[in-house]
Amino acid sequence: MGKPTGFIEFERLSEAYEPVEKRLKNFKEFVHTLSDEEAKVQGARCMDCGIPFCNNGCPVNNIIPDWNDLVYKGNWQQALDVLHSTNNFPDFTGRICPAPCEAACTLGINAAPVGIKSIEHFIIDKGWEMGWVVPQPPKSKTGKKVAVVGSGPAGLAAAQQLARVGHDVTVFEKSDRLGGLLAYGIPDFKMEKKVVDRRVAQMEAEGVTFRTKVIVGSKDLPAGINNDASEFVSPEQLTATFDAVILAAGAEVPRDLPVQGRELKGIYAALEFLIPQNKEVQQGKANPINVKGKHVIVIGGGDTGSDCVGTSNRHGAASVTQFELMPMPPEEENKALTWPYWPYKLRTSSSHDEGCTRDFAVATKGFVDDGKGNVKALKAVRLEWKDGKMSEVAGSEFELPCDNAFLAMGFTNPVGTLLDAFGVVKDNRGNASATTDGEGCYATNVAKVYAAGDVRRGQSLVVWAIREGRQAAREVDAFLMGSSTLPR
Amino acid sequence: MESAAPECRGMYDPANEHDACGVGFVAHVKGQKSHGIVEQGLLILKNLDHRGAVGADPLQGDGAGILIQIPDRLYREEMAKQGVELPPVGEYGVGMVFLPQEAASRHACVEEIERSVAAEGQVLLGWRDVPVNREMPMSPAVRLTEPVMRQVFVGRGSDVFVTDALERKLYIIRRRAANAIKSLKLKHGKEFYVPSFSARTINYKGLLLATQVGVYFLDLQDERATSALALVHQRFSTNTFPTWDLAHPFRYIAHNGEINTVRGNVNWFKAREQAISSPILGDDLKKVWPLHYPGQSDSASFDNALELLVMGGYSMAQAVMLMIPEAWEKHTLMDENRRAFYEYHAAMMEPWDGPAAVAFTDGRQIGATLDRNGLRPARYLVTDDDMVVMASESGVLPIPEKKIVKKWRLQPGKMFLIDMEQGRIIDDKELKDSLANAKPYREWVDKIRIRLDELPSPAEKIEAATASMLDRQQAFGYTQEDIKVILEPMIQNGEEATGSMGTDSALPVLSSKNKTLYNYFKQLFAQVTNPPIDPIREELVMSLVSFIGPKPNLLNTHDINPPIRLEVSQPVLSFDHMEKLRNIEKYTSNKFHSFELDICYPLAWGSNGIEARLASLAADAEDAVRSGANILIVSDRKVDAENVAIPALLATSAIHQHLVKKGLRTSAGLVVETGSARETHHFALLGGYGAEAVHPYLALETIEALAKGDAEKADKFVKNYIKAIGKGLCKIMSKMGISTYMSYTGAQIFEAIGLKKDFVERYFTGTPSNIEGIGVFEVAEEAIRLHQDAFSADPVLANMLDAGGEYAFRIRGEEHVWTPDSIAKLQHATRSNKYETYKEYARLINDQTKRHLTLRGLFEFRPQGEAIPLDEVEPAKEIVKRFATGAISLGAISTESHTTLAIAMNRIGGKSNTGEGGEDASRYAPVKGGTMLSDVIGKSRVARDLELKEGDSLRSAIKQVASGRFGVTTEYLVNSDQIQIKMAQGAKPGEGGQLPGHKVSEYIGFLRHSVPGVGLISPPPHHDIYSIEDLAQLIHDLKNANSRASISVKLVSEVGVGTVAAGVAKAKADHVVIAGFDGGTGASPQSSIKHAGTPWELGLSETQQTLVLNRLRSRIRVQVDGQMKTGRDVVVGALLGADEFGFATAPLVVEGCIMMRKCHLNTCPVGVATQDPELRKRFSGQPEHVVNYFFFVAEEVREIMAGLGIRKFDDLVGRADLLDTRPGIEHWKAKGLDFTKVFYQPPVPADVPRRHTEVQDHGLDKALDHTLIAQAMPALEKGQKVEIETRIINVNRTCGTMLSGEVAKRYGNAGLPDGTIHVKLTGTAGQAFGAFLARGVTLELTGEGNDYVGKGLSGGRIVIKPSPDFRGDTQQNIIVGNTVMYGATDGQAFFAGVGGERFAVRNSGASAVVEGVGDHGCEYMTGGTVVVLGMTGRNFAAGMSGGIAYVLDEDGSFASRCNLAQVALEKVLPAGRQAAGEPLHRGLADETQLKELIARHAEYTGSKTAAAILANWDAWREKFVKVFPHEYRRALTEMAAVTQKEAA
């Protein structure tokens, strides 16, 4: 349990960042993993609760108290084992998870919560450093074949779980790189792509076959979605060849902003900016959008928006402004009524720290043409929120110079044509319809076709994707074998 | 006539009855017979009346009787009238016979007796009707069962010449007839009973009140009825189905106490039947069996066994010594030969253990003995005209003081014998020395005893297991928690792990996880009737010695070549031990042969294989024993991927019971070698079901692996582990009041939850199991599931153990009722006052259709009528008055959370409970609006302040009186609405607690009347409650102190709690709490949290049914608690019989508790359960939140009531017919449960109340104090000095207490100025003289006191001095009884004589001078001053952490009798020489205060001893030893340093 009095004795220590001026010069990760000694002290702050709310707060139900204790005691390898027992990819979550576990940490009720994410990050980095993360090929093969559509966190988690119990797994990816949004979406400064690559290598050694640039189901994609596919596989082909199919294709359709001037040049969906940026960093292909010296407005206050802010600043934008429809949340939540749940509060990301004006309760009314079909300014209006309803504040209209606007207002649903091609029934939000508990969970209405991750639940966190991938894998294994020893 | 005792009905089982009582005898040492002795015997009975009980009908007692010598003249003359001439005395025997009322059955019984007489070659002389008084008023229920009483006269046959031989023949006739009648299986045959059948004694007893015995039996009034002895007894049974035959005396004994080991003892006798032979009884022995019958009381069983030993040739004294040996094992002061005597006999029979004062007689000798721990009182006196009077208390016969030459008491383990043929008293030493020296026991023992520890290490090593350690661990159900929570603390600290906040995980039978069979059994524990023992502070009575192998022939009294025996000092065997056992032939020249029984079987056979496999194992065991094996090793060592192990507990019990049935069990030892045993509970179970020793090989392998190759460390770990298990076993044994492993072996002190009755009956015969559950195949299935998981390819289990989740919540672990979501919802709901959120919470708790957690989760409501509108249901503000918060002391929780609960409960009209830590008197008065918490109790004592509202009160309505008696003063008692006697606590029933010194802050020290920084111990038992009549006494004492308060007794649910509750009702409690086993706790051993006690659904329904059946329910209010969380819980509780409801954990959660389960570490991060001021600042609870919670619960109750169509809450109580088992339970284990018994409604007439409707009659009107109060009015009202004179006799109990209550009501704890009320008394005071005596009251008694003098003394002064007529030396004669000044907080006492056992236990501030004390003096003392001017008993100062004792040690032997674990012995230096800066007790030099106290003693009592000491002070001072607790010295030094610092 770490040290019984550790939480009283020791302060929370956040992972150190490279200074802003330094980190803005490149797209490298700028977070310093804790040192051995620091990790130990942070582990000691864990109270080993009789009810560890973190265990519940974490979507993959990481057994946090146990590995905190092991880190405190210096049993890193064992800590890694415990961590891996619930989470295939702590290297992803240790970097980019918003850490709902920390929101649920009991120490957080009246003090700074345990730095769970930083300890997770430490454990997995230590594991790679020491060579403890090795392939775990199955002892025997089942002869069953499973197709996984999509190589994002859900698909990778499902594939790894299934491969380890002996199934032949093939992962299909329409991009030229594996990892889904992990590879093309999340900027490198948040997570360098070698982190994904080494996992892919591990999985290949475990027997997973990866096929990139293959699009499954339908070639018909909405605008703004990256597609490197050179090969097409139909649902019929897939179901004929494989004993089971897991759809883990994500929820890629961005929410649009149908306002006046939307069609002007310089206005992009966020990923239209971020994916080429990834490609530039990783492959040297220059990003066609460069915002150096430009006035950038990011519309949408979430993580994707933040990524646009960080990327813009690295380009050297003249100004970066971020709009959010909702009013500014409180700095501190009302813990008495929210803990241990995810609180509604102002979140300031490392990208915000790098320079950005944030404006809340603002609605974009339209874009102003510079006369050449390019955007030159943005028209907006202030909002008033009352009982969950918004109204425009009369006379509050204003205009802001804008050379580039990035729409980061979230993703509405999966690519509908994929689901339609398979004949999968959709829920009212356009996601693949499947449950997560009880008999037949994760199964779609189509025989032997399962759905997991954002494709099923809509846009969400990487950690939720991993959870769904794992749980779906168990269902598929049970479907194929009659029963399953895979953990949920 | 109907059989009086009901059969098992519903949850009630007559097997659970307990009794305790008053006992006494009077005898003429020289054997002079007179009718006067009979009359005196009857008078003793009358004067012991208050020790008995009356049932629902005041004319119905539990039985009483008198045993005398045969009144020859009476019988001779009476029989002559029939024309029968009796032979000379000693040549005929008389049988007192109870016969059925039904004529034909009666005739059959008479015939069988006559047939037996003839068959045994004796002469039937005739029959006589016993004349009884049928006019005497008698309860109709008693009259209904009144037997026909006749005496049968038997003359000696031609081959019988001496009385002893005739006595044996009479014995055989009786056994033979009784067995014959039994085998007729007549309905009315059960009414046949022979109270005595002897040539020397006759027994007049029945279901009578003490005062009725002499009235009912006309013989006893007859002048011709003469005897030199009269042995009398008055019974107090816990329930009201007593029967005529269960009255005492029995044929040889009258017993006050309880035999805790009786089930094991009886089983072992059964096991012996085939194996023993008697050179004296010869073939007649066969006619004796079976020795015991079901339905016998423990005393009756004891009597049967004693009788057999005496008939088998032992002298009566030796037989008693064999059955109730002294605690010889750790008795370093015992004579070597006597030790050898006990050691030799130890292997022959396990002790009959429990609190016992046994008086016994065979008509020639009469004597008495006390159990090893001295848990029952027995006082005696000897007169100058050769009379001896012994009784449970003194003063039972009016004997002029000047005739008395000796007043003494029976001491623990000691015996006292009058041989009327020799005409003298034989004292303990002479008696035992002569027996001990009769044979060369020391030499025998040395030659025949082989200690397994001492055998040379074996060369052999068992071959390594084929399966990996991990796989095997998994196969036996190990989880990571077993390592982390269970094993780690044991190997590190040599102690069991501690946990807190109770348990809320799924019961094993409801769990979806695979559990080991061990988990289905719950440890039983003592409450009320048989006290638990403190295995740490009273270690000297505990023993873990075990003998492996055949037991010697019990009746071989002529043994000249005794068989060898194999001894282990404790029952946990190492690898070495096991190899020695495997090769035992080599070490014992082939005297011992071991045989291994492999309890694994091929997995391929599946669960169906188990039954036949068990049968063959039993048969194999039998064969092995018959062919010469005398050590059986039950082993699962061969478990591997293909072979699954039968649960070792099941295999062991099956084999043990089979051998018992075959009469072979005593021919071989049973050792279990199992991978499954790891926690203490497992060892206790294996021992309890027959194992003499256990080798936990896998636990040992695991422990060695934890040492990671460090051999030295591994060695230490194993040692620590074995030590921890040993300590844990002692604790488990002691919580049932059992002191030796020998008696524990096979004693089956468990109950099962969730096992099928027929399964239990077959393999665990006699173990209670009330709700059915899984059977043998499911048990096998569960073992197989574990096994399959272990050896499967499960990736989670590939490299590590299952996470567990039993002790701490884990998502993939065991289910818990408290989850992150249920806690969050509850907190959000109560903080925001949103009922909808509460409903979400309640749904999470109540809906157990998916997760099975609690028994009530499987219930559903079954409305009997139409639903009604909600607004017709009793309002919530009425319902909340039935709610109470749990007994959580300030100490367990912070000041802030304690006061918040109190404020909240006072706002809603419910009740909060102080817990056992006392209460700040400043909390008693209501406060003004706007007052801050810190204004009331002091700024320095509050870490988070709170603004109070007008009318708020911080006073806890319920004041708890627990065994520690912390801060229990008269003032505390008078400021209560309810006084709660905590007999047991759900989280650790049968155990005490400990508050370590570092938690005793200044404030807590103040509240508990102790020194800050000094650790505090709550003893496992209340030292003034060792039996039910003691409880009645304490209830009486408390009621005297505050007659307006209801007296509550808190019990914990276990099988038999219903009968205890009935006893509690008869003991005049107004209120009883039935607590579930799962309740919260500040700190408790994990094994107790998980494995002791049962869910309240069981205990409550048993209580309700038993009380209703006894017609006692109306007299007592019933509260239930234990993980009470929602309105649904409340309604289920009400339907099962509760009037009120206790909540502890849930209100704490409302206050911010988040189930850290770290209360014992003082690190509660939300300031609820910690004393750390920094952490207490984090406390965020508000009274409003708690108020919201209780209203939500009440609202939920109302909704359910509306659905059930019930308007008034009263109409819910006891309506178990509105409950049913939820249909469609699919769970593979849970579907076997059957709650029929739980929902059972006793078939009593509709007018018999099922809820609390009337009040108890406490008999306070008879109190002497009414006179005292009347005379003391000027003092009470105006503070004028008064002096009162009065006589007192032993029935005047609790003298001075009511008066003190009046003082405290008016003047608080400060009382009146010293000596304002001075009461001079003469005579023998009844029990609890001067209990809770307040300051300003002096009781000056000339005469003597009984037990509990000065109990809870609160500032008053007690002086007791012998009558000037009494000639005895004050240092040699007893003047006060046992447990004097227990829990005294202040005041003074001067006793010119010797006190009994446990003098000044838990004294926290009073001063006392006494001229000698018994065992365990000053135990657990935390403050005050005790001066002993004479001898002390053993174990002085055990657990003493504060205060000082000065002991006069004339012969320099005191150190050997003092428990030096916590104290230092120092000299008393002259005042001038006491070093400067030395910490001073009460700020005075030792000499100064010692001399001052002795001077006062001399002044008040006129003690010659004191005068002599003062006369030559300097010489005597040298002989005093100062007993100075280490902790106290440290605390004094620290405080001195602080004061100096402040001064500087």
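In the text below, chain A, chain B and the rest are named by the order of the sequence lines, each starting its count at 1.
A donor-acceptor pair under 3.5 Å is formed between the side chain of B/Gln480 and the backbone N or O of B/Leu801.
When all heavy atoms of B/Gln848 and B/Leu853 are compared, the pair lying nearest together is OE1-N, 3.3 Å.
In this structure, the side chain to side chain contact (heavy atoms under 4.5 Å, CB included) partners of B/Phe791, at least two apart in sequence or on a different chain, are B/Ala467, B/Asp471, B/Ala475, B/Ala641, B/His787.
When A/Asp66, A/Ile8, A/Ile63 are compared by the number of non-hydrogen pairs under 4.5 Å with chain B, A/Asp66 comes out ahead. Counting heavy-atom pairs under 4.5 Å between each of B/Asn1162, B/Asp1172, B/Asn799, B/Ile1154 and chain A puts B/Ile1154 at the top. Per-residue heavy-atom pair counts under 4.5 Å with chain B were compared for A/Pro487, A/Ala336, A/Ser85, A/Ser484, and the maximum is reached by A/Ala336.
None of B/Lys825, B/Lys834, B/His828 except one satisfies the side-chain hydrogen bond (donor to acceptor under 3.5 Å, both in side chains) rule with B/Glu840; the exception is B/Lys825. Exactly one of B/Arg851, B/Arg1157, B/Lys1090 qualifies for a salt bridge (Lys or Arg N to Asp or Glu O under 4.0 Å) with B/Asp504. That residue is B/Arg1157.
No part of B/Glu1174 comes within reach of chain A, as not one of its non-hydrogen atoms sits under 4.5 angstrom from that chain. Proximity to chain A (any heavy atom under 4.5 Å) is restricted, for B/Leu1175, to the side chain, taken from C-beta onward. Contacts between B/Asp789 and chain A at a heavy-atom distance below 4.5 Å are absent for every atom of the residue. In this structure, chain A has a heavy atom under 4.5 Å from the backbone of B/Ala793, while its side chain stays farther away. With a threshold of 4.5 angstrom between heavy atoms, B/Met1155 approaches chain A through its backbone and through its side chain. Contact annotation for A/Ser140: neither backbone nor side-chain heavy atoms come within less than 4.5 Å of a heavy atom of chain B. Looking at B/Ser500, there are no atoms closer than 4.5 Å to chain A (heavy atoms on both sides), in backbone or side chain. Only the side chain of A/Ile109 comes within less than 4.5 Å of a heavy atom of chain B; its backbone N, CA, C and O stay farther away. For chain A, the nearby part of B/Arg812 is the side chain; its heavy atoms alone come within less than 4.5 Å.
The pair B/Glu896-B/Arg1176 meets the salt-bridge criterion, with a side-chain N (NZ, NE, NH1 or NH2) lying under 4.0 Å from an Asp/Glu carboxylate O.
A centroid separation of 6.0 Å or more is found between the aromatic rings of B/Phe1192 and B/Tyr1189.
Using a 4.5 Å heavy-atom threshold, the side chains of B/Gln827 and B/Val1149 count as touching.
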